[in-house]
Asks: 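Right, I'll just put the structure down here and ask away after.
As a basis for the values below, the full set of heavy atoms in this structure was taken, side chains included, without hydrogen atoms, waters or symmetry mates.
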Amino acid sequence: MSATNRQIRLAARPVGDVKAEDWEHVSAPAEAPGPGQFAGRTLVISLDPAMRGWLDDRPSYLPPVGLGDVMRAGSVIEVTASNHPDFRPGDHVVGAFGVQENVVSDGKGALKVDTSLAPASTYLGALGMPGMTAYFGLLDVGALKEGETVVVSGAAGAVGTMVGQIAKVKGCRVIGIAGGPEKCALLTDELGFDAAIDYRAGDVKRALREQTPDGIDVYFDNVGGDILDIALTRLAMNARVVVCGAISQYNNATPVKGPSNYMSLLVRRARMEGFVVFDYAKRYAQAAQEIAGWIGDGRLKVKEHVVKGTVDDFPETLQMLFRGENVGKLVLELA
């Protein structure tokens, strides 16, 4: 372990877009593990749209990141020293260790992973929170049934690519909404979506009407805003709208834009429900086992966007999410 520990800490609460001055780049002394603790070096760091919400001082499903605190993030580390009975040097561990080069942990919330079975990055993506989010959001909250029509927004992102593929595994018709011809081609040509709509290219409402002649049975929403409003006009009878995220609204300096077409829920006897994946923690192992099986038999492809760099590259890499530059799960791999 190096003598210093590079960290990214929250310096100020962002207003609108996150700016360079909202972060503090710090060199802190690297700590040795105490009794019942282990130390490790960070291999890969997860970057997620939810991070933007963690920066605001307002009620949410997690407390906000404190000013001056190391930025919260999931990561995979390699244990370098241990006084913990369950972790040994050389073990690979996934947990919420934050944006820093070196960590010390008591093991709470940490899970050993086998990097001989899947790359470390995959434990932050398909076999991590995005995979769990897609699995439980679609199958439990969305109550998916074979033969239904599924539409997912943010379809080329970490969660969206998983949602569409799981829906195909379950025998459904899948339409993805994404930004740009390259992303749309990826969805249909590589990931097996039945159709893709480029929200940057024209009339999304018309395209969605053409692709869902019998309506939408499950709409999995990752973006909110105008796209959510349009999707509500295409609901089938007894449809389910799964509210996972609203990336189009996260950097707003003004109040979040709510749906004006919500009365479609009444007319179509539909429901719209939000969820937090942590509520399903006791079933993660079950979901990971099934997802790993789909990956193993080729029915599900892992899409990852790996940026190689240092901890100091975190702020700029995070912006890729809000510029729509990533395809699949975005991670920062430390050199």
Asks: If only side-chain N and O atoms count, and only distance matters, is there a donor-acceptor pair under 3.5 Å linking Lys329 with Ser46?
Replies: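 Their side chains do contain a donor-acceptor pair, which is all the 3.5 Å distance test asks for.
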Asks: May I ask you to check whether Tyr135 and Gln286 show a side-chain donor-acceptor distance below 3.5 Å?
Replies: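 Yes, side-chain donor-acceptor contact under 3.5 Å.
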Asks: Judged by modelled atom types alone, do Thr115 and Tyr123 share a side-chain donor-acceptor pair under 3.5 Å?
Replies: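 Per modelled atom types, Thr115 and Tyr123 side chains form no pair under 3.5 Å.
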Asks: Please identify which of these residues, Val174, Ile175, Asp194, meets the side-chain contact (heavy atoms from CB on, under 4.5 Å) condition with Thr149.
Replies: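 So, applying the side-chain contact (heavy atoms from CB on, under 4.5 Å) to Thr149 and each of Val174, Ile175, Asp194, only Ile175 qualifies.
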Asks: Under 3.5 Å, side chain of Asp198 to main-chain N/O of Gly180, donor-acceptor pair present?
Replies: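 Yes: the side chain of Asp198 pairs with the backbone of Gly180.
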Asks: Determine yes or no for a side-chain-to-main-chain donor-acceptor pair under 3.5 angstrom, with Asn261 supplying the side chain and Asp229 the backbone.
Replies: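 It does hold such a pair.
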Asks: Is Arg283 paired with Asp140 through a side-chain N to carboxylate O contact shorter than 4.0 Å?
Replies: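 Here Asp140 pairs with Arg283 in a salt bridge, since their nearest N and O are under 4.0 Å apart.
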Asks: Salt bridge check, Arg323 against Glu316: does any charged N sit closer than 4.0 Å to a carboxylate O?
Replies: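 Result for this pair is yes, salt bridge flagged.
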Asks: Could you check whether any side-chain N or O of Arg209 sits under 3.5 Å from a backbone N or O of Thr233, counting only pairs where one atom can act as donor and the other as acceptor?
Replies: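 Flag not set: sc Arg209 to bb Thr233 has no pair under 3.5 Å.
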Asks: Does a donor on one side chain and an acceptor on the other come within less than 3.5 Å for Glu304 and Thr122?
Replies: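 The criterion, which ignores hydrogens and geometry beyond distance, is satisfied for Thr122 and Glu304.
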Asks: Would Val26 and Leu55 show up in the same hydrophobic cluster when neighbours are defined by side-chain heavy atoms closer than 4.5 Å?
Replies: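 Each belongs to a different hydrophobic cluster.
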Asks: Between the side chains of Arg299 and Asp297, is the shortest nitrogen-to-carboxylate-oxygen separation below 4.0 Å, so that they form an ion pair?
Replies: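 Arg299 and Asp297: salt-bridged.
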Asks: With respect to Gln100, which candidate in Arg9, Gln7, Met71 satisfies the side-chain contact (heavy atoms from CB on, under 4.5 Å) definition?
Replies: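 For Gln100, the side-chain contact (heavy atoms from CB on, under 4.5 Å) test succeeds with only one of Arg9, Gln7, Met71, which is Gln7.
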Asks: Can a donor-acceptor pair be found, under 3.5 Å and without considering hydrogens, that links the side chain of Ser153 to the backbone of Asn222?
Replies: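 Yes, Ser153 side chain to Asn222 backbone: donor-acceptor pair under 3.5 Å.
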